[in-house]
4 protein chains.
Amino acid sequence: MASFASDNTAPVHPKVMQALIDANSDNMSAYGNDPVTEKLQETVRMTFGAPQARLFPVFNGSACNGLALARMIRPYESILAHRQSHINNDECGLPEFFTGGRIIGLEGDHARLTVASIGDLIERTLEHAPHTSRPKVISLTQSTELGTVYSLDDLKALSGFAKSHGLYIHMDGARLANAVASLGCTPAEVVAGVDILSFGGTKNGAMLAEAAIIFNPELVTDFAYIHKRAGQLPSKARYVSAQLQALLENDLWLDLGRHANAMAKVLCDGLIDRPGVGLLHPVEANELFVTLPKVTADRLFARGHRFYNWPNEGPDAYRLVTSFATTEDDVKAFLEDC
Amino acid sequence: MASFASDNTAPVHPKVMQALIDANSDNMSAYGNDPVTEKLQETVRMTFGAPQARLFPVFNGSACNGLALARMIRPYESILAHRQSHINNDECGLPEFFTGGRIIGLEGDHARLTVASIGDLIERTLEHAPHTSRPKVISLTQSTELGTVYSLDDLKALSGFAKSHGLYIHMDGARLANAVASLGCTPAEVVAGVDILSFGGTKNGAMLAEAAIIFNPELVTDFAYIHKRAGQLPSKARYVSAQLQALLENDLWLDLGRHANAMAKVLCDGLIDRPGVGLLHPVEANELFVTLPKVTADRLFARGHRFYNWPNEGPDAYRLVTSFATTEDDVKAFLEDC
Amino acid sequence: MASFASDNTAPVHPKVMQALIDANSDNMSAYGNDPVTEKLQETVRMTFGAPQARLFPVFNGSACNGLALARMIRPYESILAHRQSHINNDECGLPEFFTGGRIIGLEGDHARLTVASIGDLIERTLEHAPHTSRPKVISLTQSTELGTVYSLDDLKALSGFAKSHGLYIHMDGARLANAVASLGCTPAEVVAGVDILSFGGTKNGAMLAEAAIIFNPELVTDFAYIHKRAGQLPSKARYVSAQLQALLENDLWLDLGRHANAMAKVLCDGLIDRPGVGLLHPVEANELFVTLPKVTADRLFARGHRFYNWPNEGPDAYRLVTSFATTEDDVKAFLEDC
Amino acid sequence: MASFASDNTAPVHPKVMQALIDANSDNMSAYGNDPVTEKLQETVRMTFGAPQARLFPVFNGSACNGLALARMIRPYESILAHRQSHINNDECGLPEFFTGGRIIGLEGDHARLTVASIGDLIERTLEHAPHTSRPKVISLTQSTELGTVYSLDDLKALSGFAKSHGLYIHMDGARLANAVASLGCTPAEVVAGVDILSFGGTKNGAMLAEAAIIFNPELVTDFAYIHKRAGQLPSKARYVSAQLQALLENDLWLDLGRHANAMAKVLCDGLIDRPGVGLLHPVEANELFVTLPKVTADRLFARGHRFYNWPNEGPDAYRLVTSFATTEDDVKAFLEDC
């Protein structure tokens, strides 16, 4: 039986584990003032072609998004995000807690925001000041919560709009590797116009490692305070940094993303023509959203396959997530029981 | 040269690292619903003789204290803690952020609170309601911020007072192993009367692993929400739990604490009779606070020894911290350069 | 020219002003420990047939809602309210600020919530704990933001659902007088099942006077702290209480509400059959939402009539609000220019 | 019998009441866009010789301080204030709630801060970043919580220090009239170097009226959002503004402050030489802090005089406050029973 429950049920990639072992000698300064973290800073700048970028290691993705947004808005400002985004639905209010502000949930096909959906709202909101929180940041999830990907043109349009309206761009990159692998672009291209990126490692082979990567230099100021005050400054930071270093070296992160995407494709191909199976969104990364006949779903669960019913997408909707650790055998076993 | 800068500059103990390697196979449910965390729950209950105890794995100690306190108070309530405590001085406002409430910093010799210092304050405060935040919890650091330890009698007096006044007891146990080792008591004895313990692993050989251990069953209710909303729920929780399991198995944590304490004792013995050296607090755990002649301090720094000037204790005061990784050679090298 | 911009552009009713003059003698204890406030407590209990009710005077309605909700939820809980409600749209995040929690904006015809819209959401949310804030209170606006009124049956259904699901009922009664006048019921009937009422005076002839009226005795506990900490405890409370006393005495509040409703009805009758005029919601209280031909709206504005375009209801939608101070001449003048 | 309990137990001055009556006609735009508030803006600029000053009407002084401080600091910053200040002791955590930051309570004779007490702290705190909140504002109470007054030289030294260290100056002017009357200076002189003033009306003859007066133009930006979000934007703002206008016209506020100060002086003179009476602080405004023999205090209470025991200043310490409404007969009656 295979697990398609989530990419965070997977173990840690061997190269990440080896990096932790390698980092484990000698005393090192705490709080990120260590050579492992310093090296990672350079690696990040090279990877994203961003010599001014500044990375802050963080324990988990929920918090990473919260920190980034807290740096960008004041409590009387708001965050524009897709109604189905993780920050809007799955964080028990963490972004509001960290920022003091509000999330405005917007519509958009396949979990993608569009300039059109935002423009109208902005105008109406500003007219109503100070009775309505002022929009200050657009938060994009790349790849999205529904397994789709913003194209480079989509991103250009949104960041162009943002700049012209005094808005920041935040990118929730918990699954950025899958998006870059899907687009076949460079890392630099996918973050063009992004002010702060939440860079995800945990869903892509790390143990627990994320990072806020700040591309807009003015937002570096005071970030260290926000990082500390929210309980996200690792004292033994080298062990978070070592994980991310292992992922970035030799583009391991992209290899892993590519593999997960490929497995999702195989899974999709094997499912799509079966009677009663419907594809709810294009499969552009490592997640499938499908309708399944109840009898099929029940049989799969009974045989030990792990995946989630997804009621937000309808009563007979299901989510299947692949990861770096998914094997062709996993997919085959699933399809055989299907 | 040796590092006495902090117990968080040390690496990870080999047994903890091995436990991480051992945990690294197969898919496992996320968010703590995994067998590693379940086993740890049992281990914690056995260790503290507390069959109702409930553990929540947490990334770091700052946050662990914040979560515990957030469960205990409402925003219009206050936390009584020593003026020199970590929560009052070194968290950039994290406890206030997580709780919404206030910390009232109290005096007490050698960083230990006493019933006398609290009783007077409580009465005056309640008379002034609702103009003053209502005291609701006493937060004790064991071992303390100044390297001392509350005796079991001290703890009994404080928890007795707390119960009779409707206050909770929180214990910041970032260095609990050192306190238990110092007292020679059982873990159960040191937490008698404690409602929530912040159990520390990171300063005692873990990579990054702390836990909120809730002894008062009524405080388990809703803790999961606070845990999640603050960004402290690890998705791959097994890797935090495995570290703590390694520490608790066969009392490794106490062996490590005992070793660190012993090194502090050797260091103290070697320093105490030298001219110009003064001991500022009794050395009861793994920290020394001493005055040093400037020339001595400068020489030590010049030779690469790492430790901190500690201006809160006076212009010529210094802090020296030992850890599980401190060797007799480290101490010897330091003393020779002294 | 007449002002239909809002009921808060009106002056203070003469009886309210007289009450302020009458209260203005002698020293009186501050913070609500005065005879004027004590008398008001009795008046409130009589008015609502609620011998256990407890009133807290408050400066404005925004804050009154925030205080009530802050008493009802913890920061990891949520408030269920209509998407068009004032707390969701017009407070710049005040309810989130005061509570730490989230507002879930629900749909419902004419700004009225229904049990059906809530039930489905509750179930799905609780299954997702702790990743989604837990619903804890239903906030109803009576009369609603769109000038409609919940019937007593509507209220019974909603409060019955709330009780059976462990939810509180909050009623935003900024325009409660208009609702009671519209229903022709007793004040006790309209608040049956309500845990805390935000009772409005300012929109109904007061200068600045609202009150949190707590019907559920368990919610009285600690309310004084929340009241104080949010800056809503008047030091010279007698002057807030005197206003509310004047409104409640001899049912002045209901007379004023009845008058405003009647003026809205006359206005509606005069508008409804004109070409190009459309009624967007039933006129059940003191607000009309209508579509007007642009030429008509422009003419009215040009002649000095005051009212608002209401883009939430469409590009050619307008809101007209009557108050205790609206005269038949005002309505006539408006209709003549229409 | 007389009341020396507080200056907020007094009624409203007749000229303030008349101003409310005069303001009570016609519809006026809400939220401060009314001619009464516009006129007040001009009056404030004239009074303080500050053509760029911007006033925001506020309901009460607790909130006014909170708003001002919320504009000045980010949640990871701190407020330097005297340990005995109102914001540190008497607000149930309101300033922390509104700002998210911390108050650092400093010592200083007679409730006055000095440059010396601040300088040392600043340096040590910044070295410890980001583990300690960053100081950003000095909050001065004028006249102080203990009835003393900062001299113009004191203020110049503090504001000079602030400017050179990138700190803002907030002045809590709940009793500013008493300070200006005491110093015999102009209003402009007392606010030289102040960034935001909390201007108090309620303790000086108003019903409920305070104002945030912003002298530093950069701090005007976004203040309207903070004002609204905290529930302090009066919908019928004209009635708050009218009170302040009445106080400022023809320097009524200074006449009232002068009278209250004079009554405090008479009271002091009558008490000072009696056996067992000790003066705890210089009487420079409208408050006396004295030790009284218990028998004397008991007799005064028994005869109906109202004033408070003040345990912060010692077990037999008492506070006596005079106001605009205190008469020579009140003082005489008190002294006769003494």
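Looking only at distances, a side-chain donor or acceptor of B:H227 sits under 3.5 Å from a matching main-chain atom of B:P57. Under the 3.5 Å distance criterion, the side-chain polar atoms of A:N24 are matched with a main-chain donor or acceptor of B:V12. Between the side chain of B:Q243 and the backbone N or O of B:A19, no donor-acceptor pair lies under 3.5 Å.
For B:E328, the CD atom sits in a loose shell: 12 or fewer heavy atoms of surrounding residues, nucleotides or ligands are nearer than 6.0 Å. For A:Q18, the CD atom sits in a packed shell: over 12 heavy atoms of surrounding residues, nucleotides or ligands are nearer than 6.0 Å.
Ring centers of A:F301 and A:F307: under 6.0 Å apart, within the cut-off.
The candidate with the highest count of non-hydrogen atom pairs below 4.5 Å against chain A, out of B:S235, B:P234, B:A63, is B:S235. Ranking B:L233, B:V240, B:N8, B:T202 against chain A, the residue ahead of the rest is B:N8, based on heavy-atom pairs under 4.5 Å. Of the residues considered (A:K203, A:E96, A:R238), A:R238 shows the highest number of contacts with chain B, using heavy-atom pairs under 4.5 Å.
Contact annotation for B:D26: only backbone heavy atoms (N, CA, C, O) come within less than 4.5 Å of a heavy atom of chain A. Proximity to chain B (any heavy atom under 4.5 Å) is shown, for A:A325, by neither the backbone nor the side chain. The part of B:S62 that comes within reach of chain A is its side chain, from C-beta onward, which places non-hydrogen atoms under 4.5 angstrom from that chain. Using a 4.5 Å cut-off between heavy atoms, B:S25 touches chain A through its backbone atoms (N, CA, C, O) alone. Residue contact with chain A, scored on non-hydrogen atoms closer than 4.5 Å, involves the backbone and the side chain of B:A10 alike.
By the side-chain contact (heavy atoms from CB on, under 4.5 Å) test, B:F97 pairs with A:F97, A:F98, A:R229, A:A230, sequence neighbours left out. The side-chain contact (heavy atoms from CB on, under 4.5 Å) search around B:H86 returns B:D90, B:E91, B:E145, B:D172, not counting sequence neighbours.
Residues from residues 205-214 of chain B that place a non-hydrogen atom less than 4.5 Å from a non-hydrogen atom of chain A comprise B:G205, B:A206, B:M207, B:L208, given in numerical order. Residues of residues 64-74 of chain A lying under 4.5 angstrom from chain B, judged on non-hydrogen atoms, do not exist.
If you take CZ on B:R175 and OG1 on B:T144, they are separated by 9.0 Å, rounding to the nearest 0.5 Å. Here the CZ-CD1 distance, from B:F223 to B:I226, works out to 6.5 Å after rounding to the nearest 0.5 Å.
Between B:F334 and B:F4, the two ring planes are perpendicular [angle over 60°; tilted spans 30° to 60°].
Side-chain atoms of B:S85 and B:N88 form no donor-acceptor pair, as typed in the model, at a separation below 3.5 Å.
Looking at B:D7, B:T326, B:N204, B:T322 one by one, the single match for side chain to side chain donor-acceptor pair (under 3.5 Å) with B:N286 turns out to be B:D7.
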